[in-house]
Amino acid sequence: MCLNVSEIEIQDLMFLRNRVINVYAKEHTHMAEFTPEKCKQIALARLDIVHKWLEFRKKSQNKLQADYDFVKLHNTSNSHLFEILGKISRGSLHRWYAMLNETEDYTKLLPQYKYSSVNDYRTVLNNEEIKIFMGLLLHPNRLSIGKAIALTKYKLKEQGQNFIPADITFRRYAKWFKDNNYDKWILARDGEKALSDIVEPYIKRDASLLEVGDILVADGHKLAFQVINPFTGKPCRATLVGFLDWKSAALVGYEIMLEENTQCIASALHNAIINLDMVPKIVYQDNGRAFRAKYFTDDKGFTELGFQGLYSKLGIETVFARPYNARAKVIERFFKEFQEGFEKLLPSYIGSSIQNKPAYMMRNEKLHKSLHNEYIPTIEETIKMIDMWLSFKNSQPCPNAPDKTIAEILSRRKRQNIDINTLDDLMLATEVKTIQRNGIRFLNCDYFDERLYGFKSKVLIKYNLFDLTSIKVYTQKGEYLCTAERVTETHPMAKLLGDVKDFEDYKQKIVRQRQLKKKTFESVKKYLKTEDIKLLETQMEPAEIQMPFKSDSKRVQTLFKNNSEKYEYLIANEPNNSWITEFKQTKEYRLLYEQDFCKNAKRQKLYRTC
């Protein structure tokens, strides 16, 4: 019988055959050495059934009929050999017996398939097609498999290739590559961080080798709920900086501020040391800018001057985590539990990202918006609620010792009886500043004391981040000079628009200026002649501090800026007005118009006590 097969069809068949042979010809030796376990199981089952067949034949005189009976019994049974081999024939039994050649070598009965190892895959795709397809599939823009297949087929057609593999062929190859080269798949499509977080093995650390207070883990957490900004009165997301004890997994110290800065971190560390009643040996912390501030670590300028950071003063070793490596900090797990168990219970919860924001913040959610509670806590209220939640958290089993609670593990710490005053003194930071005409400029504020007047040199200042109302000033040799107070700003028009307090502040500052100027003149007199002194005295301005208030107009006036303006107007125009008598009985009148009121009041008080 002659088959009508064209020459083109024969070439296509030979082309497909050559593709498979060419792709795996180099790996043939390696594939022959590899034998899957399933094939070994089949070969052993074949050896067993040959032995059973030979024993069955010995019991019968008619060998041919015995062969058919044995095959029929096997194919209708539910034996273990039938589950592996399935249905067999008489010819299979004779073929397997001949392959053994009167030996017990089961490897001769192995199925003669082309086995591929984990690094090999049988496919009709050639190297060029694989190169184009994987170049698209491993692109960092993460193209979908379907889109990569479509683009690959289009490029092959543009190159003039007649045979285009089917979509399922590409998909099977993509699945095999992902399953057996998952590290390359993730690195190429998702990046190095995804490789580190998803594929790379992680290190397990044994927390049972630690003691309470050995290591504190510090990090900042942006709160997922809103609080009232104490400066603007508007809702905002504050930052919680916490210090977690590694052994007990307890948050031993924290602080809430509007942003993660040096003052917030120092306050959290201060609270942690007081609550623990001990100084930790190591602080394992974030690699952020605030944590690496010179207030905490050694800075080159401070090292040259002989001063060290806060941790060095307290005898604490510092260890910084690798950037963008959240799994290295155990406090991240605490923040996750904090968000799930505390933040989501508050009505002002807004979510940490767009994906997990609550329903009332979505568009067109009128029902949820109408049912939502608009309560937003202040920072003080938030601290009280967090303290209540921490008491609940500490009553839960400790992750490092499941048979005991966090509070029980925390109670094992060795207390050091920390003196709060000594701790505050140790936490004073030091900087070098130059004295200016308004004193010392620090943190966008001026600090002044009369002792600094006349100095124009560098000094050392020590400050406490918990109380910035004053700073301590020392010479470069370490001699104490003074405690400079923060200078407050003055009302621009205290006499006319300000209240009594603003006007008194203005008068005191004027008096201080005159006193310092007079002090300078007195000192200079010792170095000048008598004629020069007289010349200086004539040039000194009279110290006229209190000036009478001027009335704005002679016409009838009904609106006044303050009571003093009204009093001046009525004295000049309506001296018999009853309001004048009432105003003279007030404390404001006595402060403004009776100079000896304070002295008389003190004398009367002293007289009454006597």
Side-chain angles (χ1 to χ4, degrees), residues 210-223 238-299 302 307-321 328-332 334-335 338 379-380 382-383 386-387 390 393-394 406 410 413-431 443 462-468 471-472:
L210 301 175
E211 297 294 336
V212 177
D214 283 353
I215 303 177
L216 296 185
V217 185
D219 198 7
H221 171 68
K222 194 79 170 180
L223 297 178
T239 298
L240 183 146
V241 175
F243 282 80
L244 182 85
D245 177 59
W246 195 327
K247 173 66 176 180
S248 62
L251 191 70
V252 294
Y254 71 93
E255 186 60 76
I256 296 178
M257 293 191 72
L258 300 182
E259 61 181 7
E260 182 181 299
N261 53 30
T262 305
Q263 181 178 359
C264 180
I265 298 170
S267 179
L269 176 63
H270 182 271
N271 296 334
I273 294 176
I274 292 177
N275 294 333
L276 273 179
D277 197 13
M278 62 181 299
V279 178
K281 297 179 182 179
I282 299 173
V283 170
Y284 185 49
Q285 58 193 6
D286 189 22
N287 202 46
R289 182 177 61 182
F291 281 98
R292 278 195 175 272
K294 59 187 177 181
Y295 176 71
F296 295 97
T297 59
D298 294 345
D299 184 78
F302 280 176
F307 290 93
Q308 295 180 333
L310 171 63
Y311 291 143
S312 300
K313 288 182 181 180
L314 297 175
I316 302 174
E317 292 290 337
T318 56
V319 178
F320 293 97
K329 294 174 291 185
V330 295
I331 196 173
E332 294 292 346
F334 173 85
F335 286 146
F338 179 75
I379 291 182
E380 292 78 10
T382 302
I383 292 175
I386 291 177
D387 290 339
L390 287 177
K393 174 66 177 176
N394 293 341
I406 295 176
L410 192 62
R413 64 186 183 277
K414 298 178 181 179
R415 299 178 181 271
Q416 299 175 354
N417 297 324
I418 299 295
D419 185 13
I420 298 179
N421 295 327
T422 305
L423 178 63
D424 292 342
D425 186 61
L426 286 173
M427 296 189 74
L428 290 177
T430 307
E431 286 193 26
L443 295 179
K462 292 185 178 182
Y463 58 92
N464 188 350
L465 285 174
F466 318 128
D467 183 14
L468 292 174
I471 59 175
K472 294 182 179 181

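This is a predicted model, so every value here is computed, not measured.
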ask   = Can you name the side-chain contact (heavy atoms from CB on, under 4.5 Å) partners of Ile386, sequence neighbours left out?
value = Leu240, Tyr254, Ile256, Phe338, Phe342, Thr382, Leu390

message = Using the rule given for side chain to side chain contact (heavy atoms under 4.5 Å, CB included), can you reason through Glu317 versus Val283, listing the C-alpha separation, both sets of side-chain angles and the distance that settles it, and then say yes or no?
response = CA-CA 6 Å; Glu317 292 290 337; Val283 170; over 6 Å; no

inquiry  = Return the CZ to CG distance between Phe334 and Leu251, rounded to the nearest 0.5 Å.
reply    = 4.0 Å

query = Just by modelled atom types, is the Val279 backbone N or O under 3.5 Å from a matching donor or acceptor in the Gln416 side chain?
reply = yes

inquiry  = If I take atom CD from residue Glu211 and atom NZ from residue Lys414, how far apart are they, to the nearest 0.5 angstrom?
reply    = 6.5 Å

query = How far apart are the C-alpha atoms of Asp219 and Phe335, what are their side-chain angles, what is the distance that settles it, and do they pass the side chain to side chain contact (heavy atoms under 4.5 Å, CB included) test?
reply = CA-CA 10 Å; Asp219 198 7; Phe335 286 146; 4.1 Å; yes

ask   = So, the side chain of Asp277 versus the backbone of Ile418: is there a donor-acceptor pair under 3.5 Å, distance only?
value = yes

request  = Please name all residues satisfying side-chain hydrogen bond (donor to acceptor under 3.5 Å, both in side chains) with Asp419, sequence neighbours left out, ordered by chain then number.
outcome  = Thr422

Shortest non-hydrogen separation from Ile316 to Pro280 and the atoms involved = CG1-O, 3.4 Å

inquiry  = To check you understand the geometry: which heavy-atom pair defines the closest contact between Phe320 and Tyr284, and what is its length?
reply    = C-CE1, 4.3 Å

key: Point-to-point distance, once rounded to the nearest 0.5 Å, from CD1 of Ile282 to OG1 of Thr318   = 9.5 Å

side-chain contact (heavy atoms from CB on, under 4.5 Å) partners of Ala249, counting only residues at least two apart = Pro399

message = Pair Leu314, Ile273 - check side chain to side chain contact (heavy atoms under 4.5 Å, CB included), show working.
response = CA-CA 10 Å; Leu314 297 175; Ile273 294 176; 3.9 Å; yes

request  = Check salt bridge (charged side-chain N to carboxylate O under 4.0 Å, His left out) between Lys281 and all other residues, then give those that pass, not counting sequence neighbours.
outcome  = Asp214

inquiry  = Could you measure the distance from the CD1 atom of Ile215 to the CG atom of Leu244? Nearest 0.5 Å is fine.
reply    = 11.5 Å

inquiry  = Using side-chain heavy atoms (C-beta onward) and a distance below 4.5 Å, is Lys462 in contact with Ile471?
reply    = no

inquiry  = Please check this pair: side chain of Arg415 against backbone of Leu276, looking for a donor-acceptor N/O pair closer than 3.5 Å.
reply    = no

message = If I compare all heavy atoms of Asn394 with all of Ala250, which pair ends up nearest, and what's the gap?
response = OD1-CB, 3.9 Å

query = Looking only at heavy atoms, what is the nearest atom pair of Ala238 and Met257, with distance?
reply = CB-O, 3.4 Å

key: Separation between CD1 of Ile379 and CD of Glu255, rounded to the nearest 0.5 Å   = 8.5 Å

query = Would you say Val330 and Glu332 make side-chain contact, with heavy atoms under 4.5 Å?
reply = no

ask   = Of all heavy-atom pairs between Lys222 and Thr239, which one has the smallest distance, and what is that distance?
value = CD-OG1, 3.7 Å

ask   = Who passes side-chain contact (heavy atoms from CB on, under 4.5 Å) against Asn275, sequence neighbours left out?
value = Asn271

query = Can you tell me how far CG of Asp245 sits from CG of Leu410, rounded to the nearest 0.5 angstrom?
reply = 6.5 Å

